[in-house]
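It should be emphasised that the depicted structure is a prediction, and the values quoted were computed from it without experimental measurement.
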Amino acid sequence: MTTVRCAARGTDELGEGPAWSAAEGRVYWFDIQGRCLNWFEPTDGHRGRYDLPFRASVATPCRDGGLVLVTEKGLGRFDTLTGKLEIKAPMDLGHGFRTNDGKIDVAGRLWWSSMDEDRGQRPGKLFRTDPDGTTHVVIDNIHIANTVSCTPQGDGYYLADSFEQTIWRFPMSRTGDFGPRAIFATTVGDIGTPDGSAVDEAGYLWNAQWGAGWIVRYAPNGHIDQIILMPVSQPSSCAFGGPDLATLYVTSAREGLSPADLMAQPLAGSLFAFEPGVRGLALPVFPETDTMSATYPSLKDKVVFITGGATGIGAAMVEAFHAQGSKVGFLDRDREAGMALKTHLPGSWFATCDVTDTSALAEVLIAAQNTLGPIQVLVNNVADDTRHTAAETSADLWRRQLAVNLDPIFLAARAVHSGMKAAGGGVILNLSSINALLGPADMPAYVAAKGAVNALTKALAREWGGDNVRVNTISPGWVVTERQLALWLTPQAEAEWMKQVALQKRLMPQDIAALALFLASDDAAMITGQNHVIDGGRT
């Protein structure tokens, strides 16, 4: 039987927004109406609170330390050492509205909501703040948004409207856009209201049910898997925490309880914890507190072309250069994802292309330049990291791997060089991999191709340096992309990876994009022929 314990006794009027900070070993949560941010350290039992100048409801750790807070005045940076809150992105939610539930997703996007203080009588909104700092309204007719949580693969999203006593599931694109919703679960006609949630590594949803006094674990198909009884009637939200994410922390509230209720529930407003027997879904930190990266004036209006740009690292770079004001073109063989990204980024240019078709590759490069102008920055990102041993590698597979991972890098670079030379210079960035340095045993062709990319970069940088064409390599470590999550990035594999890196953080596509921006900018004018490793200290 699951044992629920009181982790931190309190009197929160409206406890909400629990979030685990691995860097600090703390669970944070709010008393929204009390205008405070609480914290608890499970290793030693220490606890404390910060008084806030106004109400806040969502917290997430950020890459450069501290927290991002979502407040009724906008998004801000909170320094947990000094207790100082600085609003970085002011927001006007409208008279009588405040923020409510929110959470970061596996792609590093921060989701949050607003609600009418009059018990959600007027509809509020669901917002998404992307890693580049831009905020979008995703839904503008939801009354009390809760259960703001994504699936482990990032292809679906759970969202409750407590006003409607319903949890919906939305299909979600890689750019964070929703498809048609479907009812996932409802408590209409039953006691309790769906409130905040957390997702475990198996993809099950743990939902705090306000008024019912329990936590419900829903299977991915919406069926109830188990119910955990709480010692209070108003559990409000939950989050996995602890060093191994094996503990579920649950907030609670005293709001609306009568003196008799409080007498019967002396722990109402406290933080609770229990071990559910499954680990939570590991969530990334928010990349930055202002924007994803610096602004590079030299990139504005530059023509940038990216191969393999529809998903993963490539898509992050397309978005990053677009945010800098560059004229961005990209190709990918995934037409659906490419068109979705193009629609998401007004003014961008996209073509469907399989880079192993060298004639098609040449035609796409010409077509892009006819529309955008001569390419000034080329990012050779396309790759195929399919696993295979040497014994499994046929001659055809070997040639196919080189045709994807090596040939188009040279051919695209050669195709744009003359235009760069005529314009007085340019930048070529070739994506390699730390696997070219480590030499893992299960991908010999890929490793060989990436090693050749490193050597090719040196050769082209030397040959074209006189033309002021800079050529550099970026070698990422294990980046958390949709493909890696779907195929190889299991909790066990990630735990093993974390043992081997210095920085105990997930490496995200936006991290690679931030490095690409710098190398493409004039700030890196004297850098060429170098292999830039970005792996959190693995090599």
Side-chain angles (χ1 to χ4, degrees), residues 107 173-175 303-322 326 328-342 344-345 348-358 360-365 367-368 372 375 377-386 400-416 427-433 435-436 443 445-446 449-450 452-454 456-457 471-487 507-517 519-520 534:
S173 73
R174 59 151 308 281
T175 57
V303 177
V304 179
F305 194 84
I306 299 165
T307 67
T311 61
I313 297 172
M317 289 193 286
V318 169
E319 292 176 326
F321 279 103
H322 186 271
S326 302
V328 184
F330 63 105
L331 65 78
D332 202 287
R333 66 179 182 178
D334 187 337
R335 175 175 174 76
E336 182 179 356
M339 290 302 296
L341 184 56
K342 178 181 182 297
H344 180 65
L345 302 175
S348 61
W349 187 95
F350 168 70
T352 306
C353 180
D354 183 339
V355 295
T356 62
D357 184 338
T358 57
L361 173 61
E363 291 172 1
V364 166
L365 292 171
L372 301 173
I375 293 172
V377 178
L378 171 67
V379 183
N380 280 310
N381 170 72
V382 68
D384 179 2
D385 62 348
T386 302
R400 168 71 185 179
Q401 284 285 299
L402 296 187
V404 175
N405 294 308
L406 179 60
D407 296 354
I409 289 181
F410 171 68
L411 295 174
R414 187 182 64 179
V416 303
V427 175
I428 298 172
L429 301 177
N430 298 324
L431 270 289
S432 184
S433 168
N435 287 320
M443 46 173 53
Y446 178 80
K450 292 303 183 181
V453 168
N454 294 344
L456 175 63
T457 296
V471 190
N472 285 289
T473 300
I474 297 175
S475 290
W478 202 353
V479 183
V480 180
T481 64
E482 302 97 322
R483 175 176 169 83
Q484 300 303 312
L485 286 168
L487 297 178
L507 185 60
M508 303 301 292
Q510 292 80 15
D511 297 312
I512 315 306
L515 177 57
L517 292 180
L519 292 174
I534 175 169

> Using every non-hydrogen atom in the two residues, find where A316 and R174 come nearest and quote the distance to one decimal.
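Closest pair (atom of A316, atom of R174, distance): N-NH2, 4.4 Å.
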
> For Q401, what residues pass the side chain to side chain donor-acceptor pair (under 3.5 Å) criterion, not counting sequence neighbours?
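With sequence neighbours excluded, Q401 shows a side chain to side chain donor-acceptor pair (under 3.5 Å) to D384, N405, given in chain and number order.
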
> Rounded to the nearest 0.5 Å, what separation is found between the CD atom of Q510 and the CD1 atom of I313?
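The CD atom of Q510 sits 10.0 Å away from the CD1 atom of I313.
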
> Rounded at 0.5 Å granularity, tell me how far CG in L456 sits from CG in L406.
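Answer rounded to 0.5 Å: 6.5 Å.
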
> Using every non-hydrogen atom in the two residues, find where G308 and V382 come nearest and quote the distance to one decimal.
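Taking every non-hydrogen atom into account, N-CB, 4.0 Å.
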
> Give a yes or no on whether the backbone of V453 and the side-chain of N430 come within a donor-acceptor separation of less than 3.5 Å.
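Not confirmed, N430 side chain does not pair with V453 backbone.
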
> Return the minimal non-hydrogen interatomic distance between H322 and S348, and the atom names on each side.
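Taking every non-hydrogen atom into account, CD2-CB, 4.5 Å.
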
> Output the distance between atom CG (L378) and atom CG (L429), rounded to the nearest 0.5 Å.
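It comes to 8.0 Å.
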
> Under the rule for ring pair (Phe, Tyr, Trp, His ring centres under 6.0 Å), what residues qualify as partners of F330, not counting sequence neighbours?
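Per chain and number, F330 pairs via ring pair (Phe, Tyr, Trp, His ring centres under 6.0 Å) with F350.
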
> When rounded to the nearest 0.5 angstrom, what is the spacing between CG in D332 and OG1 in T307?
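Between D332 CG and T307 OG1, I get 8.5 Å after rounding to 0.5 Å.
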
> Which residues pass the salt bridge (charged side-chain N to carboxylate O under 4.0 Å, His left out) test with D385, not counting sequence neighbours?
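Result, salt bridge (charged side-chain N to carboxylate O under 4.0 Å, His left out) vs D385: R387, R483.
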
> Minimum heavy-atom separation for L402 to P408, with atom names?
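Smallest heavy-atom distance, with atoms named: O-CD, 4.3 Å.
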
> For V364 versus C353, what's the shortest heavy-atom pair and its separation?
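V364 and C353 have their closest heavy atoms at CG2-CB, 3.9 Å.
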
> Take I306 and F321 through the test side-chain contact (heavy atoms from CB on, under 4.5 Å) and record every step on the way to the result.
CA-CA 10 Å; I306 299 165; F321 279 103; 4.0 Å; yes

> Could you pull out all residues at least two apart from R400 that satisfy side chain to side chain donor-acceptor pair (under 3.5 Å)?
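Checked R400 against side chain to side chain donor-acceptor pair (under 3.5 Å); matches are T356.
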
> Please enumerate all residues that pass side chain to side chain donor-acceptor pair (under 3.5 Å) together with S326, with sequence neighbours excluded.
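None.
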
> How long is the span from the CH2 atom in W478 to the CG atom in L507, to the nearest 0.5 Å?
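Reported to 0.5 Å precision, the distance equals 11.5 Å.
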
> Can you sort out the partners of Y446 under ring pair (Phe, Tyr, Trp, His ring centres under 6.0 Å), two or more places apart, ordered by chain and number?
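If we apply the ring pair (Phe, Tyr, Trp, His ring centres under 6.0 Å) test to Y446, skipping adjacent residues, there are no hits.
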
> Have a look at S432 and tell me which of T473, T457, N380, N454 forms a side chain to side chain donor-acceptor pair (under 3.5 Å) with it.
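Going through T473, T457, N380, N454 one by one, the side chain to side chain donor-acceptor pair (under 3.5 Å) with S432 is satisfied by N454 alone.
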
> May I have the step-by-step check of side-chain contact (heavy atoms from CB on, under 4.5 Å) for V303 and V377, ending in yes or no?
CA-CA 6 Å; V303 177; V377 178; over 6 Å; no

> Check the pair V328 / L345 against side-chain contact (heavy atoms from CB on, under 4.5 Å), numbers first and verdict last.
CA-CA 9 Å; V328 184; L345 302 175; over 6 Å; no

> Distance from I534 atom CD1 to S475 atom OG, nearest 0.5 Å?
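Answer rounded to 0.5 Å: 10.5 Å.
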
> Is the shortest heavy-atom distance from the side chain of E319 to the side chain of L341 under 4.5 Å?
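Yes, at least one pair of side-chain atoms sits under 4.5 Å.
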
> Quick one: are L365 and F305 in side-chain contact, heavy atoms under 4.5 Å?
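Contact flag for L365/F305 side chains = yes.
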
> Stepwise, does the side-chain contact (heavy atoms from CB on, under 4.5 Å) test hold for M317 with L517?
CA-CA 8 Å; M317 289 193 286; L517 292 180; over 6 Å; no

> Ignoring hydrogens, what is the shortest heavy-atom contact between M508 and A107? Give both atom names and the distance.
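That would be CE-C, 3.7 Å.
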
> Determine whether I512 and V479 make a side-chain contact, defined as any pair of heavy atoms from C-beta on separated by less than 4.5 Å.
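Side-chain contact under 4.5 Å: yes.
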
